[in-house]
Amino acid sequence: MTASKKFDILVIGGGILGIAHAYHCLKRGLRVALIEQHAWPQQATVRNFGQIVPSGMNRKWQLYGRRSLDLYQEIQREVDITVRQQGSIYLASDAEEMQLLEELAHINREEDYASTLWTQKKCLSTYPELKASYVKGGLFFPEEINLDPRQAARRIIQFCQAKYELAYFPSTRVHELHRQGGEVKARSTSGISFVGKKAIVCGGIETQSLFPEIFAAAELDLVKLQMLELMPQPQVQLPGSILTGWTIRRYESFQECPSYAEIKAREDAEAFHRRWGIHILFKQSPDGSIILGDSHEYEPLLPGTSPSFDQYPEVNDFMIREAKKIVDLPSWEVRRQWLGFYCQSRRSDIFHHIVDEHIHLITGIGGKGMTGSLGYAEVQVDKLFYFPFSP
């Protein structure tokens, strides 16, 4: 019989939320096992834009996101995790969206978060492919970054292995987790058993298999996104994150603006983009390809729920049609398209359930994962293990 592997902390789930908790435990000198059921993360962590945009979050989560910016840069200084600091721009298409940008700029000044209002001329001179018929002005965030999500998570894991002796267990699915005495014991389908002082479970949409009765009452939603990538166009220059009026009308940061509720109330609730949760944003990759998206479908996440892998051509067609009104590109040929999945809580901004003082379930972070996880996990690890927090 295989002997149990002993650690201070078991982190189950190798996506960015699990990586973040493992990273902060390692920095505190703890022995950590990061257990991932696939060879490398395959879900939301690698299926997103790779835009690290605290600017889109409410005041609480913006602080986590801003701390994440620092932490990504801290790691980048030691190893290339594909971070590029090119800023983010929100583009207003009408007077209402411009008003929201001005109100958010005021909030940013109160929160001491760098942002600059840009005129139409400044936007068009910086991004020549933008259409003057769409852009009325913009709000630029110089500190924000983007990265390649398909490489970043893997490189952070490898960095933690090299610097902090992280024990990474890929292709290992935990099927049983329980408290026994003052320890946590985990058994996996690969035959490996683990023992830890505490366990942090960050399994995303798959966490439900360990504690189905808890998740049955958790009020989590499964969110499905459609995204696509256009063929490389190196002659085009769209640096950083390009977010549009569609995003201004959707992101949480703008919901804190005084005029938001009144502006939103004037929208057609039955419009196609509202029914499919569509907003339009762009990110150009180093090879010149352009990621475009995205849509959002919601359904309750219940034990045994399997996500639908259906894609709807009318959604992608709509996103391309609307994107053509914003940016003038030489080609709109699609290189590939994919689905993303994440879960989010209907009750709160994240699902954190304490099974007992030794087992914590942390998931349901929604679309905030890549931006907020590193900052959020730092605070949670301090709370869990009683280390003083020094931002």
Side-chain angles (χ1 to χ4, degrees), residues 16 44-57 65 68-69 72-73 76 80-91 93 115 118 123 126-131 134-135 138-153 155 225-248 250-251 253 277-296 315-316 319-320 322-340 342 367-373:
I16 189 61
T45 295
V46 299
R47 297 175 183 234
N48 61 85
F49 276 81
Q51 296 175 328
I52 313 304
V53 285
S55 54
M57 296 179 166
S68 294
L69 290 177
Y72 278 121
Q73 295 281 28
Q76 178 69 26
D80 181 15
I81 57 170
T82 74
V83 166
R84 294 181 294 160
Q85 185 178 342
Q86 298 175 312
S88 303
I89 183 74
Y90 291 78
L91 303 168
S93 69
S115 67
W118 282 11
C123 292
T126 305
Y127 307 94
E129 285 78 17
L130 294 178
K131 290 191 172 183
Y134 180 87
V135 178
L139 184 61
F140 182 69
F141 292 81
E143 297 175 0
E144 297 191 340
I145 64 174
N146 59 54
L147 45 75
D148 180 348
R150 301 188 181 201
Q151 298 185 60
R155 292 186 184 183
L225 304 83
Q226 289 185 209
M227 306 171 66
L228 51 89
E229 181 181 60
L230 306 178
M231 293 296 291
Q233 301 173 61
Q235 71 274 38
V236 171
Q237 295 298 314
L238 291 173
S241 299
I242 314 295
L243 306 107
T244 69
W246 299 80
T247 310
I248 294 169
R250 179 178 176 86
Y251 271 4
S253 57
I278 294 171
H279 67 138
I280 307 297
L281 55 161
F282 308 84
K283 192 195 86 169
Q284 188 171 31
S285 301
D287 69 352
S289 59
I290 297 170
I291 301 175
L292 167 65
D294 53 1
S295 62
H296 300 76
V315 172
N316 285 349
M319 291 192 294
I320 292 174
E322 294 302 319
K324 287 180 176 179
K325 299 175 184 177
I326 303 170
V327 180
D328 186 14
L329 297 178
S331 172
W332 291 90
E333 182 182 356
V334 175
R335 177 159 76 170
R336 57 186 173 186
Q337 54 193 22
W338 66 91
L339 299 174
Y342 61 72
K368 305 183 292 294
M370 289 304 289
T371 297
S373 289

Quick check: does any side chain N or O of T244 sit under 3.5 Å from a backbone N or O of W246, one acting as donor and the other as acceptor? yes

Exactly one candidate in K283, Q85, R84 meets side-chain hydrogen bond (donor to acceptor under 3.5 Å, both in side chains) with N146; the answer is R84

Nearest-0.5 Å distance that lies between atom CG in N316 and atom CD in Q226: 5.0 Å

With sequence neighbours left out, what residues match S115 under side chain to side chain donor-acceptor pair (under 3.5 Å)? N108

Less than 4.5 Å apart, any side-chain heavy atom of V334 and any of L230? yes

Closest non-hydrogen contact found for K131 with K324 is NZ-O, 2.8 Å

Steps toward side-chain contact (heavy atoms from CB on, under 4.5 Å) verdict (I326, F282): CA-CA 10 Å; I326 303 170; F282 308 84; 4.1 Å; yes

What one should report as the nearest heavy-atom pair of S68 and S373 is OG-N, 4.1 Å

Side chains of R335 and D287: closer than 4.5 Å at any heavy-atom pair? yes

Okay, side chain of S253, backbone of S55: is any donor-acceptor separation there less than 3.5 Å? yes

Please give me the minimum heavy-atom distance between I291 and M227, naming the atom from each residue. CG2-CE, 4.0 Å

Strictly distance-based, threshold 3.5 Å: is any side-chain N or O of Q284 a donor or acceptor partner for the main-chain N or O of V236? yes

Nearest 0.5 Å please: distance from the CD1 atom of I280 over to the OG atom of S295. 9.5 Å

Keeping T45 on the side-chain end and I16 on the backbone end, is there a donor-acceptor pair under 3.5 Å? yes

Verify whether one side chain among S241 and E144 offers a donor that lies under 3.5 Å from an acceptor in the other. no

Could I get the full list of side chain to side chain donor-acceptor pair (under 3.5 Å) partners for R47, not counting sequence neighbours? none

Hey, does the side chain of Q76 reach the backbone of I81 with a donor-acceptor pair shorter than 3.5 angstrom? yes

Worked check of side-chain contact (heavy atoms from CB on, under 4.5 Å) between Y251 and L243: CA-CA 10 Å; Y251 271 4; L243 306 107; 3.8 Å; yes

Please give me the minimum heavy-atom distance between T126 and P128, naming the atom from each residue. O-CD, 3.4 Å

Atom CD1 in I242, atom CG in L130: separation rounded to 0.5 Å? 6.5 Å

Between Q337 (side chain only) and L228 (backbone N and O only), is there a donor and an acceptor less than 3.5 Å apart? no

Expected output: side-chain Y134 to main-chain G245 donor-acceptor under 3.5 Å: yes

With sequence neighbours excluded, residues passing salt bridge (Lys or Arg N to Asp or Glu O under 4.0 Å) with D328: none

Starting at CZ of F49, measure out to CG of L225 and round the result to the nearest 0.5 Å. 9.0 Å

Keeping K368 on the side-chain end and G65 on the backbone end, is there a donor-acceptor pair under 3.5 Å? no

Donor-acceptor under 3.5 Å (T247 side chain, H279 main chain): no

Side chains of S289 and E229 only: does a donor on one sit below 3.5 Å from an acceptor on the other? yes

Report the distance from atom CD1 of I278 to atom CG of D294, rounding to the nearest 0.5 Å. 9.0 Å

Between the main-chain N or O of S331 and the side-chain N or O of Q233, is there a donor-acceptor pair closer than 3.5 Å? yes

Heavy-atom pair of closest approach, residues D80 and T82: OD1-N, 2.8 Å

M370 to Y72 - nearest heavy-atom pair and separation: O-OH, 2.7 Å

What distance separates L139 CG from W118 CH2, expressed to the nearest 0.5 Å? 10.0 Å

